[in-house]
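Whatever order the structure lists them in is the order used to number ligands and atoms, beginning at 1. Position 1 is the first residue of the sequence, and the numbers go up from there.
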Amino acid sequence: MALSKRITGLTGGGSDGWDVYYRAKDMQAQGVDIAMLTIGEHDVGTDISILDAMYGAAKAGHVGYSMFTGNTNLRERVAGRVAERTGVETKPENVLIVPGGQAGLFAAHHAACDEGDTALFIDPYYATYPGTIRGVGARPLAVQARAEQDFQPDPADIAAVAEGAKSLLTNSPNNPTGAVYSLETMEGIAGVCQDHDLWLISDEVYDTQLWEGEHISARTLPGMAERTLVIGSLSKSHAMTGSRIGWIIGPEEAIFHIGNLATHTTYGVAGFVQEAAYFALDQGEAFEAQIAEPFRRRRDLVLAQVAGQNVVRAVPAQGAMYVMLDIRATGLSGEDFAMRLLDQHHVAVMPGESFGEAAAGHVRVALTVADERLNEAIAHLIDMAQGLAQAA
Ligand code: PLP
């Protein structure tokens with residue numbers, strides 16, 4: 001039976017740049033001990049107190065259908081959190097509870113784009129972005145951020161392709177680069193969105209993982225609240241990746257319509273997960289800092305280790321649970337370097353090429369293994385890079 005072009009064309013075809021990851025998983029399955037520095041998943045599970053809250057909520061009866069748009073108490077709780085942290089008035093009607101940030105990205109693009117519309121996004125990018133845009137029938141168009149500018153996007157580059165586009169997707173703190181957009185970058189982006197009448201879809205799922213600088217939520221900039229859809233999630237902030245819970249913050253009218261989409265797609269988020277999320281958010285900033293702490297520590301470790309030589313350059317990671325390393329001095333592509341590192345040293349990192357063209361010649365290290373293991377893995381990576389650079 002023929003399938004729709006939309007579903008068969010979702011990934012865009014060709015290699016998705018994840019060969020290293022799949023190979024590392026195969027090697028692991030064969031019993032090889034691999035240092036897995038690939039996926040953005042905490043090396044601790046969800047805190048037991050949150051799991052207790054979830055179990056308690058399930059036992060107390062939160063197991064039936066829940067409100068499609070999210071339970072009122074959680075929408076209120078998220079609205080309060082956002083208002084407190086950003087200073088922008090936020091009501092429960094500005095909040096839609098969704099099963100994770102990814103579902104939020106999909107729904108937000110549905111709200112912004114019609115069939116065939118152009119949706120802009122910044123390269124390097126989180127792997128699902130182009131497929132998410134294709135999934136709503138829109139046309140993904142990448143705007144490259146440059147390694148030379150530590151992957152801060154240049155608003156002029158966005159403006160150059162913005163004519164006729166419907167939306168722009170940004171991500172700060174950024175996966176994969178660790179860049180945190182400066183006020184200047186954010187203001188420039190806001191200007192482009194206003195000049196070209198774009199929706200800004202602002203993926204802020206790493207907003208609690210900030211090592212340097214300031215997280216500026218796009219919605220706080222003048223004139224932006226009415227054209228911004230912020231994507232939030234408890235996956236990274238509360239180590240709740242498997243619970244699938246997040247939110248979209250936006251203008252009331254947009255949230256109302258995206259709520260209708262929820263009724264026709266997800267049918268809401270499990271009530272016991274929503275109750276656990278409410279409990280998790282109540283634990284406050286100290287709890288979130290505790291979840292983020294290992295990544296801050298390991299980011300410092302990696303930067304210190306890399307600082308001792310000049311073949312591998314670290315992109316200054318200001319946030320998120322990754323460090324991007326520039327390995328262009330070795331003469332290898334990120335893909336070839338990562339494959340070699342896996343085969344020779346059993347260290348798995350993601351090639352920059354799996355996040356778009358702008359990060360070619362880089363590899364992304366997820367800071368998701370114990371400190372000592374990470375140090376060993378980076379030592380292998382540096383050794384191998386130095387050997388290759390000498391031979392080049
Ligand atoms: N956005 C970015 C930039 C991510 O890195 C991820 C997950 O890694 C997501 C969104 C999706 O997160 P969630 O688990 O909330 O769907």
Near G100, which atoms of ligand 1 are under 4.0 Å from a heavy atom of that residue? 15 (O), 16 (O)

Ligand 1 atoms in contact with K236 (distance to a heavy atom under 4.0 Å): 7 (C), 8 (O)

Going by the atom numbers of ligand 1, which of them fall below 4.0 Å from some non-hydrogen atom of Q102? 11 (C), 13 (P), 16 (O)

Name the orientation class of the two ring planes belonging to H238 and F287 (parallel below 30°, tilted from 30 to 60°, perpendicular beyond 60°). parallel

Hits for ring-ring contact (aromatic ring centres under 6.0 Å, His included) against H42, two or more places apart or cross-chain, chain-then-number order -> F295

Parallel, tilted or perpendicular: ring planes of Y21 versus W18, cut at 30 and 60 degrees: perpendicular

Ligand 1 atoms in contact with N171 (distance to a heavy atom under 4.0 Å): 3 (C)

Side chains of E204 and S172: is there a donor and an acceptor less than 3.5 Å apart? no

Is a donor on one side and an acceptor on the other found under 3.5 Å between the side chain of D123 and the backbone of A358? yes

Taking the side chain from N175 and the backbone from Y126, do they hold a donor-acceptor pair closer than 3.5 Å? no

Could an N or O of ligand 1 be found under 3.5 Å from any N or O of Y322, whether backbone or side chain? no

What is the nearest protein non-hydrogen atom to atom 1 (N) of ligand 1, stated with its residue, atom name and distance? D203 OD2, 2.6 Å

Provide the number and element of each atom of ligand 1 under 4.0 Å from a heavy atom of S235. 13 (P), 14 (O), 15 (O)

Is the closest heavy atom of T241 to ligand 1 under 4.0 Å? no

Within 4.0 Å of some non-hydrogen atom of S233, the atoms of ligand 1 are 13 (P), 15 (O)

Of all the non-hydrogen atoms in the protein, which one sits nearest to atom 9 (C) of ligand 1, and at what distance? Y126 CE2, 3.5 Å

Tell me if a side-chain donor or acceptor on H345 pairs with a main-chain N or O of L341 at a distance below 3.5 Å. no

Test of ring centre spacing under 6.0 Å for Y181 and F151: no

Only heavy atoms of R244, strictly under 4.0 Å: list the atoms of ligand 1 that pass. 13 (P), 14 (O), 16 (O)

